[in-house]
Amino acid sequence: MNFDHIDIVQSLIDGVLFGSVYALVGLGFTLIFGAMHKLNLAYAASSIAGAYIGLASITIFAVPTVIAFLVGPLAAGLVGLLIYISCFQFMPRNNMLAPLMASIGALFFIDELIIDKTAGSPITFPVLLPDAYFPVGEFGFRGDLLFVTFASFVLMGVIVFMLYRTKMGLATRAASQQPVASLLCGIPTHRTNSTVFVLAGVLGGVAGCLAAAAVGVLSPLLTLPLTVKGLIVAVIGGLGSIRGAIAAGFMIGALENLFLLFRGVNERDIYVFLVLFLFLVVRPNGIFGTSIDRD
Amino acid sequence: MLSIENLSTSYGLIRALKGVSLTAEDGKVTCILGPNGAGKTTLLFTAAGILKPSSGSVKFDGAELAGSSAPRILQQGLALVPENRLVFPQMSVRDNLLAGAYIRHRSEATEIAEDLENMFDRFPVLKEREEQTAGTLSGGEQQMLSVARALMSRPKMLLLDEPSLGLAPLIVDEIFSIIRQMNNDGISILLVEQNAVKALEVADHFYLLDQGKVAFSGTPGEMANDDVIKRAYLGEH
């Protein structure tokens, strides 16, 4: 088959732009892992839950779409906090498996709750900037995807600022690198951890709303793929590495669209997994090869 | 004054502390000697709130601290410099010090900045390494950072867990002169050491901890004359 270079470049553009959603979800996974050295598998589910709550605020309370885009992330932050309290806070610190299994439970709980409330059918989500399209030469940029990318960059900036320029961020990094010493510095670990869960939750809520708006529908079927893609992004970026997750998000978005173009929708994810496999073999510590050293 | 009474701490079924009682006076250097596994680190971890005691009491300036959280105990003015230093390896030296001042309120920002400069004056090597990550520091430098980090909370009493461990003799001398200097500045010190010879230079009172119990208590003079301690810790026959 022959592919026009315009098709290839255009699908790369769309892929990179949509990749910002993956970058946000991967960033959320990596933030939580960075803080606690534990995976929260219910994270993408909380993002979708946030998007559903945002949607519900439109359908039930008829709030303007803009407000729904605030309600969704805030609700996702709250869900993140609930996941922290129910699956992480009271688990023994050295037990890796208990919170992992608990968060899988939370993933299915959220998923089933959504299916129960929506009868499992997809619901249309208000589209952002429906008519915005910016042609540049032979190519074009979808306005909503540009907005998604822009919003993601703003959020990533906020997260990096909070981690590296605030007292809360200092405490979070300290607790992540050396939990005992952070306690000895008087840092209440539960507070920094729950703050990270709320922040990551808000991030995921934004990603969930933006993804739903870009796709145009919200469906419980989004939960598992978003979980898997978010994990792949976090692992390829190197768990705990913020810039890694961001870079991997855009990279996976672009590659996914290329695979879609060349191999079709059925084979797309096979190749995404092959990329993950390749990274696990060649760069197990992620794109930038950083691993969090612990004393 | 720190007074520990009848303190017991267990790891599961293993009782690491079996009713330890000791006091550390204000303005003095109190030293705890003891072999590996005697419970020295457990004792300090319990006093600092990292471990919870199963029974007994830890009183500091009259306030009962046994079972309190580590942040609350630090608020009371009791700071622990842990064994193996436990610096934050990927944070800069400066950020490590600022983390030490975490419990101090934002309104103290100018005092915290002054204290930071004081630490750099007291430990010039930290000034040289200010922007370097703590993991790249040598063992001795990390020990100074760990002590300076604890001082950033402005403690009344410092608990030091084997500050000389694994350090070259010259660095050990430096650490002990810092201990004496801090003590002269009015900070009370509870020191856990295996290096009894060095400890004799600074300590006002000694305890010997063995198998979770206090086996000896006395002044440096009494200690230096105790036959068992002489043989086991001072290398004399």
Side-chain angles (χ1 to χ4, degrees), chain A residues 30-31 33-37 89-90 92-95 159-196 237-245 285-286 288-295, chain B residues 12 41 44-45 47-51 68-92 94-106 108-109 112 133-137 139 142 145-146 148-155 158-159 161:
Chain A
T30 236
L31 277 177
F33 185 86
M36 292 195 76
H37 303 273
Q89 183 169 1
F90 301 105
R93 200 197 303 160
N94 297 328
N95 191 331
I159 290 290
V160 170
F161 177 84
M162 291 184 96
L163 268 179
Y164 290 94
R165 290 282 177 274
T166 66
K167 193 177 177 184
M168 194 283 289
L170 182 76
T172 307
R173 285 182 293 138
S176 145
Q177 292 174 27
Q178 189 34 264
V180 171
S182 74
L183 272 176
L184 292 174
C185 289
I187 295 166
T189 318
H190 283 313
R191 201 185 303 162
T192 55
N193 283 345
S194 49
T195 313
V196 169
L239 276 169
S241 164
I242 289 173
R243 57 190 182 138
N285 284 330
F288 298 111
T290 52
S291 61
I292 289 188
D293 291 328
R294 306 188 74 189
D295 200 327
Chain B
T41 297
L44 293 197
F45 265 14
I50 301 291
L51 295 172
S68 290
S69 69
R72 222 205 115 217
I73 290 173
L74 188 65
Q75 295 273 9
Q76 299 287 318
L78 198 60
L80 170 62
V81 180
E83 194 181 2
N84 296 326
R85 312 177 272 266
L86 306 188
V87 295
F88 303 117
Q90 291 176 336
M91 279 161 53
S92 67
R94 188 190 179 80
D95 280 355
N96 265 269
L97 293 174
L98 289 175
Y102 178 84
I103 58 162
R104 293 167 71 181
H105 199 263
R106 276 170 224 278
E108 284 181 71
I112 293 174
T133 56
T136 62
L137 267 52
Q142 288 190 9
L145 177 58
S146 186
R149 184 179 65 187
L151 290 176
M152 286 299 289
S153 67
R154 287 206 173 168
L158 212 52
L159 313 175
D161 197 350

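Letters go in sequence order (proteins before strands), and every chain restarts at 1.
- Minimum heavy-atom separation, Q90(B) to Q177(A): N-OE1, 2.8 Å.
- Put simply, the side chain of Q178(A) never gets that close to the backbone of L86(B): no donor and acceptor are under 3.5 Å apart.
- The shortest side-chain heavy-atom distance between P71(B) and I187(A) does not fall under the 4.5 Å cut-off.
- Contacts of L98(B) with chain A are made by both backbone and side-chain atoms, with heavy-atom separations under 4.5 Å.
- Closest non-hydrogen pair, Y102(B) versus R191(A), comes out as OH-NH1, 4.5 Å.
- Contact annotation: the side chain of P82(B) approaches that of L184(A) to within less than 4.5 Å [non-hydrogen atoms, C-beta and beyond].
- Within the 4.5 angstrom heavy-atom criterion, no atom of R72(B) approaches chain A.
- Summarising the geometry of R149(B) relative to C185(A), their closest heavy-atom pair is CD-SG, 3.7 Å, with the distance given to 0.1 Å.
- Of the residues considered (S182(A), A171(A), G186(A)), G186(A) shows the highest number of contacts with chain B, using heavy-atom pairs under 4.5 Å.
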